[in-house]
Structures are given as C-alpha cells and as structure tokens.
Amino acid sequence: MAKTQIYLFLFAVMGCILMSPSSSTFIHVVGGSFGWGIPDNTTFYQDWAKPRTFGVGDKLVFLYRTGVHDVLEVSQKDFKACTQNNVTAMHFAGPTILELTEPGDHYYYCGVGAHCEAGQKLKITVCNKLGSSGHHSHN
Ligand SMILES: *[C@@H]1O[C@H](CO)[C@@H](O)[C@H](O)[C@H]1NC(C)=O
Ligand SMILES: *[C@@H]1O[C@H](CO)[C@@H](O)[C@H](O)[C@H]1NC(C)=O
C-alpha cells in the first residue's frame, strides 16, 4: 500500500500521468459519506482529496440538496479569496455530477452564504491517463 502511494506520487510529479488503463474511469463522491456540506474544519475536503488521484474521464459527484448548497467552478484566485470574479461554471441542482475533461488544477466551492470561508471548497489536480489522448505534457 505504502509502495503504491509512493509510485503514484512519483507519477504525479512526472507530469501527472496515471497508470490506469484509459478505459477505466472512477467516480469520486466528494467528501465520501459526508457529502458536499459545511465541514467542521477547513481542511476536510483537501484531506479527502489528498490520497486520491483524479484522471481525465473520471467523474466528481457532489451530493447536496438543491437550494442548500451549490457548486461553483472558479479560478485559483477566487478559490483562495472566496470571491466570484472569474466563475467558469455554476451548478445549482443537487446532486451535481461533473466529468473531468481537462487535465490540470480545478477549483470548486459552494457559493451559498459563507460556506466557502467555512471550508466547503475543493481543489483537485486532474491527470492524463496513459494511452488516453497521446499527449502527455510535463508541467
Ligand atoms: C473535519 O470535518 C469533518 C466533517 O465535518 C469530520 O468528519 C472530520 O472528523 C473533521 N476532522 C478533524 C481532524 O477534525
Ligand atoms: C478568467 O479565467 C480565464 C480562464 O481560466 C482566464 O483566461 C482569464 O484570464 C481569467 N480572467 C481574470 C480576470 O482573472
């Protein structure tokens, strides 16, 4: 197990390429059984994301009730400051299921009230999968 994590880490560093075959995609339920809500602490979603790898074609599932929460896709600046200067997409109907189509960093938070400030925010890095598109960039 520890060895696997080390390998995954190395591959992540080497241009973020996943070993899994391109046909296998994963469904990630954000926050696990807690779902998409206001956590007790501001590190909850980063702790959830840390041991996981996200690949192009995978899906993110945000479990919440419509009207109570939402999902905004934002820039890194907006993510850090909980501002909405550059919102890429907004999803208001729970549950929100997003397919990850672009490699790179992706930022999400809940735009309701002060939920972002309270820690309802998620940053992930999406990796290319070996044999998927052919271009394995090293960023
Ligand atoms: C952080 O918050 C989550 C969700 O409320 C909770 O399940 C978890 O135990 C908390 N972790 C710590 C370290 O307090
Ligand atoms: C908003 O985001 C887009 C896409 O990420 C970027 O090209 C643009 O420069 C950003 N604009 C501002 C004002 O940050």
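Whatever order the structure lists ligands and atoms in, that order sets their numbers, starting from 1.
- At a 4.0 Å heavy-atom cut-off, the residues surrounding ligand 1 are Phe34, Pro39, Asp40, Asn41, Phe44, listed by chain and number.
- The disulfide bond (SG atoms under 2.5 Å apart) test applied to Cys116 returns Cys82, not counting sequence neighbours.
- The backbone N or O of Tyr107 lies less than 3.5 Å from no partner atom in the side chain of Gln76, so there is not a single donor-acceptor pair.
- At a threshold of 4.5 Å between non-hydrogen side-chain atoms, the residues Tyr108 and Phe62 count as touching.
- Judged as a salt bridge (Lys or Arg N to Asp or Glu O under 4.0 Å), not a single pair has a partner in residues 80-103 (not counting sequence neighbours).
- Rounding to the nearest 0.5 Å gives a distance of 9.0 Å between OG1 of Thr42 and CG of Asp47.
- Every residue meeting the ring-ring contact (aromatic ring centres under 6.0 Å, His included) condition with Phe34, not counting sequence neighbours, appears here in chain and number order: Phe44.
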